[in-house]
Every structure is written in structure tokens, then in C-alpha cells.
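Quick caveat, the model's predicted, so the values are computed rather than measured. Order of the sequence lines sets the chain letters (A, B, ...), proteins ahead of strands, with each chain counted from 1.
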Number of protein chains: 2
Amino acid sequence: MGLSERKEREKAELKELILDAAKRILLKNGKEGLSIRKIAHAIEYSPATIYLYFPDKDAILHELMEIGFGLMSKYLVPAFAEQDPVQRIHSIGKAYAKFGMENKDWYDLMFNSEKPMKHIEKCAEEWDQGMAMFNFLTASCKQAIDLLGLKGIDERILALHFWSTVHGLVNLAHSDRLEIIERNQTRQLIDRTLEAAMASIFRT
Amino acid sequence: MGLSERKEREKAELKELILDAAKRILLKNGKEGLSIRKIAHAIEYSPATIYLYFPDKDAILHELMEIGFGLMSKYLVPAFAEQDPVQRIHSIGKAYAKFGMENKDWYDLMFNSEKPMKHIEKCAEEWDQGMAMFNFLTASCKQAIDLLGLKGIDERILALHFWSTVHGLVNLAHSDRLEIIERNQTRQLIDRTLEAAMASIFRT
DNA sequence: AAATTTACTAAACAGTGTTCATTAAATCCA
DNA sequence: TGGATTTAATGAACACTGTTTAGTAAATTT
């Protein structure tokens with residue numbers, strides 16, 4: 001009746017093959033250049049076969065998104081380990097921006113893709129890695145608030161303020177808007193703005 | 001030799017017709033739903049005709065972008081008129097966010113579309129409306145800095161910090177990331193974060 | 001009236017995501 | 001082992017996309 005273990009393993013293997021090819025194509029050709037047909041060609045199967053392993057293209061993008069969070073954590077782990085909460089938040093911001101700048105397509109997938117998500121419950125589950133990240137930032141903000149004795153500041157709003165700023169910077173950089181403000185200074189603009197944000201938020 | 005005035009007027013009229021149809025389709029079907037073929041069908045011409053009036057689809061999107069800035073200015077003008085620079089900046093932020101939230105597709109076109117722009121000089125010209133907006137914000141920041149006697153703060157960085165924050169908030173809202181943080185509270189989250197940003201930046 | 005310019009389009013090219021009937025192979029059961 | 005059944009994979013189609021080009025019909029000029 002049910003699939004044998006070998007069968008299931010083989011099924012999982014082809015699924016992995018598809019994701020691997022998708023990953024390669026994403027890196028080489030960008031988000032726009034990633035197509036079902038190119039994936040199929042890369043793994044030498046027909047396009048229709050892809051649909052035996054994934055319901056649609058969005059499902060593939062979704063799984064890529066989860067892989068992307070794995071890549072991002074490599075940037076973030078050292079920042080997470082920082083002792084001083086204020087310094088930690090600054091490091092998180094820098095690492096986040098660095099990841100965003102060096103992995104445009106991944107970043108887009110993870111933070112700018114609109115999900116059809118009719119069922120937000122499920123989505124909250126599926127974006128749990130992003131959520132965990134935000135929760136960690138929020139906890140760090142709480143620590144920083146306590147440490148500095150800041151009164152009347154909601155750590156969730158603070159975390160969102162910080163996230164929005166860095167997310168905004170990365171997106172402005174990706175759409176070349178920072179180049180328009182000051183040519184060839186994108187990296188410096190991001191660093192300086194991040195520092196200014198830290199200074200104003202934590203009143204150093 | 002040259003086109004008669006009537007001819008030129010007619011040419012401009014069809015161009016306007018194309019842009020009008022594009023605008024309608026953008027509003028009805030969103031950015032993804034906007035296609036050359038749909039525009040052609042709407043104005044009852046063949047798709048090829050579009051290419052006699054615009055070099056490519058990007059050129060149409062570009063002109064739509066400029067129309068979008070016209071729409072946006074309706075939101076911003078009252079904020080620009082505000083006397084107190086600090087209050088003015090806050091109002092600009094709120095109006096900007098309001099425009100972004102109520103005009104997702106326009107916003108995307110104006111602030112998230114990547115331009116092929118090989119020649120950044122030209123682009124800076126073509127994005128002059130956005131640039132003018134940013135310059136006005138920068139000037140307001142300078143005024144606020146002087147008024148509050150804030151030391152060692154670069155108004156350009158301050159303006160960028162503020163812009164990034166609001167831009168980030170709008171984009172996070174558009175990609176449903178704020179819904180994940182706190183369901184059905186997107187508007188409040190934006191308002192509160194904007195207030196927190198104002199408070200921390202201007203130390204009120 | 002003939003020649004030329006202008007305005008427009010049908011058809012094609014190369015691509016996209018997705019579906020479905022069909023085939024070939026593997027597995028199961030008698 | 002032989003026949004029935006399940007499974008895996010696909011070719012071909014559908015309905016789209018942006019864009020190009022050769023060709024036509026109408027308006028204008030000579």
C-alpha cells in the first residue's frame with residue numbers, strides 16, 4: 001500500500017535535486033531567471049515532472065526561502081553571540097545588512113515575496129525562522145532598554161523600528177535609490193545610517 | 001518633412017491613451033496584471049502599435065512612475081506646508097506611509113522597481129521628483145537640527161534614517177510581514193513605530 | 001495620377017506556468 | 001511465471017508574456 005522506504009527516499013532525493021538546481025539557477029540567473037522549465041532542463045527531466053514533487057512554483061520558492069534563512073544564520077550567529085545587548089543589536093543590524101547586500105535574490109525571496117497566504121496561521125508557522133529572528137531581536141531590545149534604563153519604550157516597537165530601518169536601507173540599496181542620493185557610497189551610507197540609528201535609539 | 005502640428009498632437013493623444021489605459025489596468029489588475037497586450041486590447045489597437053509610441057514596457061512603467069509622483073504629491077503637500085520642522089517631518093512620514101499603504105502598486109513602481117539604468121546620470125534626472133522629495137526632507141531635517149540644537153548630526157543621514165524607516169515599514173506591510181508580527185494591527189504598528197522613530201531621533 | 005511616406009497590424013519568435021492524456025516501467029498478486 | 005495494477009514520467013497542448021519584422025492599406029506629396 002504505502003510507499004516503501006526506498007521509494008520515499010528516492011522521492012525525497014529528486015525533490016532535493018530540484019531544489020539544488022533551483023538554488024543554482026537562482027544564484028546564476030537571479031529571481032527573474034528562475035523558471036520551472038530551466039530547473040527541469042538542469043536536472044534532465046520534463047517540466048511536468050516538477051509538478052509531481054511540488055504543487056506549484058510558489059512551493060519551490062517557499063522551500064528556497066527556508067534554505068535562505070539557513071544561509072542568513074551564518075551571517076547572524078556571531079552577532080547573536082555578542083554579550084552587550086546594545087552592541088549585539090548593532091552587530092545584528094550590520095550582519096543583516098551585509099547578508100542583504102551580498103545576497104539580493106535570497107533577500108528578496110525571504111523578505112519581499114508576497115505570499116498568497118489566505119491562511120495566515122499556516123504562514124506564521126512557515127515563516128517561523130523569520131519570526132524567531134525577530135523575537136530574538138525583540139528580546140535583545142528588552143535587555144538594552146533595561147540596561148540603559150530607558151523609560152516608556154516598548155521593546156517590540158523598538159525592534160520593529162530597527163528592523164524597518166535596516167530593511168528599508170537594504171531595499172533602497174537594491175533598487176539603486178541610494179546610488180541616486182550619493183553615487184558609489186551605498187555601503188558607507190548604510191553603515192553611517194545604521195550608526196546614526198543606534199545612536200538616536202540608545203542615546204549614546 | 002517634419003510632422004505637422006496636428007500630427008504631433010494626434011501622436012501625443014494616442015500616447016496619452018496608452019498611458020491612461022495602462023493606469024486603469026494597473027489600478028484594476030495590479031503590477032503583475034499589467035501587460036502590453038492588455039493595454040493594446042483596451043485601446044483597441046494591436047500590441048505592435050504600442051511599440052510605435054514607446055520603446056519598450058519599461059518606458060511605459062517609467063512614465064507611470066512619474067504620474068505616481070503626481071498622485072503622491074497630493075498626499076504630501078499638506079505635510080510640506082507644516083510650519084514646525086519637527087512636526088513637518090512627522091507629517092511627511094505619516095503622509096508617505098499613508099500613500100504607500102493606499103497605493104501599493106504605485107508605490108512599488110516608484111520605489112521598488114529596479115531600473116536597468118546603465119547611465120545613472122540620466123536616471124538621476126528621471127527620478128528628479130523623488131530626489132526633490134528627499135532634498136526637501138533633508139532641508140527639513142537641517143531646520144529641525146538647528147531648532148533643537150542637536151550636535152554632530154548630519155541632516156542627510158538623518159533624512160535617510162527617517163526615509164529608510166518609513167520605506168521599510170511600508171514594504172514590510174506590503175509583504176505581509178507586519179501581519180505576522182501582530183495580526184490586524186498593521187496600521188497601528190506603523191503609526192506607533194513612526195512615533196517612536198520621531199521620539200528617538202528628536203529626543204522628545 | 002503616380003510615388004512616397006505614414007500608421008498600423010498579422011504573424012511569428014522565444015519564452016513563461018500549468019494541466020492532462022498517454023506511455024513505459026516497476027510492482028503486486030494469483 | 002504471467003497478467004493486472006500501480007507508479008513515474010512525459011509530449012503536447014493551453015493561455016499567457018514582451019518584442020520584432022515583413023507587409024498592407026491609407027494618407028500625403030510631388
Side-chain angles (χ1 to χ4, degrees), chain A residues 1-19 21-22 24-26 28-65 105 108-109 113-117, chain B residues 1-19 21-26 28-65 105 108-109 113-116:
Chain A
M1 264 272 158
L3 284 71
S4 75
E5 268 189 38
R6 187 177 61 83
K7 280 282 152 193
E8 271 186 13
R9 216 171 42 242
E10 278 175 7
K11 216 167 169 69
E13 269 169 24
L14 188 41
K15 209 172 170 181
E16 215 56 45
L17 221 68
I18 292 170
L19 286 175
R24 266 198 314 279
I25 294 167
L26 180 72
K28 224 159 270 176
N29 304 71
K31 200 192 173 188
E32 308 297 288
L34 175 59
S35 77
I36 297 283
R37 296 173 123 99
K38 273 183 198 153
I39 297 171
H41 182 260
I43 61 172
E44 294 182 287
Y45 278 80
S46 89
T49 303
I50 309 277
Y51 288 87
L52 299 177
Y53 297 86
F54 293 92
D56 52 25
K57 193 185 177 183
D58 267 9
I60 296 175
L61 295 179
H62 190 277
E63 298 228 14
L64 282 180
M65 184 188 84
D105 293 303
D108 236 49
L109 223 54
S113 69
E114 318 172 35
K115 330 202 171 170
M117 27 182 110
Chain B
M1 266 268 158
L3 285 71
S4 76
E5 268 189 39
R6 186 178 62 82
K7 280 281 153 194
E8 269 187 14
R9 215 170 44 242
E10 277 174 10
K11 213 162 171 69
E13 270 170 24
L14 189 40
K15 207 172 171 180
E16 216 55 47
L17 222 67
I18 292 170
L19 285 175
K23 200 170 134 184
R24 268 197 314 280
I25 295 168
L26 181 72
K28 224 159 270 177
N29 303 72
K31 200 191 173 189
E32 308 298 289
L34 175 59
S35 76
I36 296 282
R37 294 173 123 101
K38 275 183 196 152
I39 296 171
H41 182 258
I43 60 173
E44 294 181 289
Y45 279 80
S46 89
T49 303
I50 310 276
Y51 288 87
L52 300 175
Y53 296 86
F54 294 91
D56 53 25
K57 194 185 177 184
D58 267 9
I60 296 176
L61 295 180
H62 189 276
E63 298 229 12
L64 282 179
M65 185 187 84
D105 292 304
D108 237 49
L109 223 54
S113 68
E114 319 173 34
K115 328 200 173 169

If you fit an axis to the five pairs at each end of the helix from C:dA1-D:dT30 to C:dA30-D:dT1, how big is the angle between those two axes, to 10 degrees?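 Both end axes considered, the difference amounts to 30°.
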Could you grab the distance from atom [atom1] of [X] to atom [atom2] of [Y], nearest 0.5 Å is fine?
| X | Y | atom1 | atom2 | value |
| --- | --- | --- | --- | --- |
| A:D108 | B:E114 | CG | CD | 7.0 Å |
| A:E63 | A:L109 | CD | CG | 11.5 Å |
| A:E32 | A:D105 | CD | CG | 8.5 Å |

Mark up nucleotides 17-26 of chain D, 5' to 3', with B wherever a protein heavy atom is under 4.0 angstrom from a base atom, S wherever such an atom reaches only the sugar-phosphate, and - elsewhere. BBBBB-----
Rounded to whole Å, how long is the line connecting atom [atom1] of [X] with atom [atom2] of [N]?
| X | N | atom1 | atom2 | answer |
| --- | --- | --- | --- | --- |
| A:I50 | D:dT10 | CD1 | P | 9 Å |
| A:L52 | C:dT23 | CG | C1' | 14 Å |
| A:L14 | D:dA8 | CG | P | 10 Å |
| A:Y45 | C:dT18 | OH | P | 20 Å |
| A:L61 | C:dT16 | CG | C1' | 14 Å |
| A:L17 | D:dA8 | CG | C1' | 15 Å |
| B:E32 | D:dC16 | CD | C1' | 13 Å |
| B:E44 | C:dC8 | CD | C1' | 15 Å |

Could you tell me whether the side chain of B:D58 and the main chain of B:L61 form a donor-acceptor pair under 3.5 Å?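 Checked: no pair found.
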Check for a donor-acceptor pair, side chain of A:K57 on one end and backbone N or O of A:L34 on the other, with a separation under 3.5 Å.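 Here the side-chain-to-backbone pair exists.
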Below 4.0 Å: OP1/OP2 of C:dC8 and any side-chain N or O of B:Y53: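 So the side chain of B:Y53 is within the cut-off, an N or O lying under 4.0 Å from OP1 or OP2 of C:dC8.
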Between B:T49 and C:dT9, does any side-chain N or O lie under 4.0 Å from OP1 or OP2?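 B:T49 to C:dT9 OP1/OP2: side-chain N or O found under 4.0 Å.
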Decide yes or no for [X] and [Y]: does some side-chain heavy atom of the first lie under 4.5 Å from some side-chain heavy atom of the second?
| X | Y | answer |
| --- | --- | --- |
| A:L14 | A:L52 | no |
| B:Y51 | B:I36 | yes |
| A:Y53 | A:L19 | no |

Write out all pairs satisfying side-chain hydrogen bond (donor to acceptor under 3.5 Å, both in side chains) with one or both partners inside residues 37-46 of chain B, taking only residues at least two apart or from two chains.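 side-chain hydrogen bond (donor to acceptor under 3.5 Å, both in side chains) check on residues 37-46 of chain B returns B:S46-B:T49.
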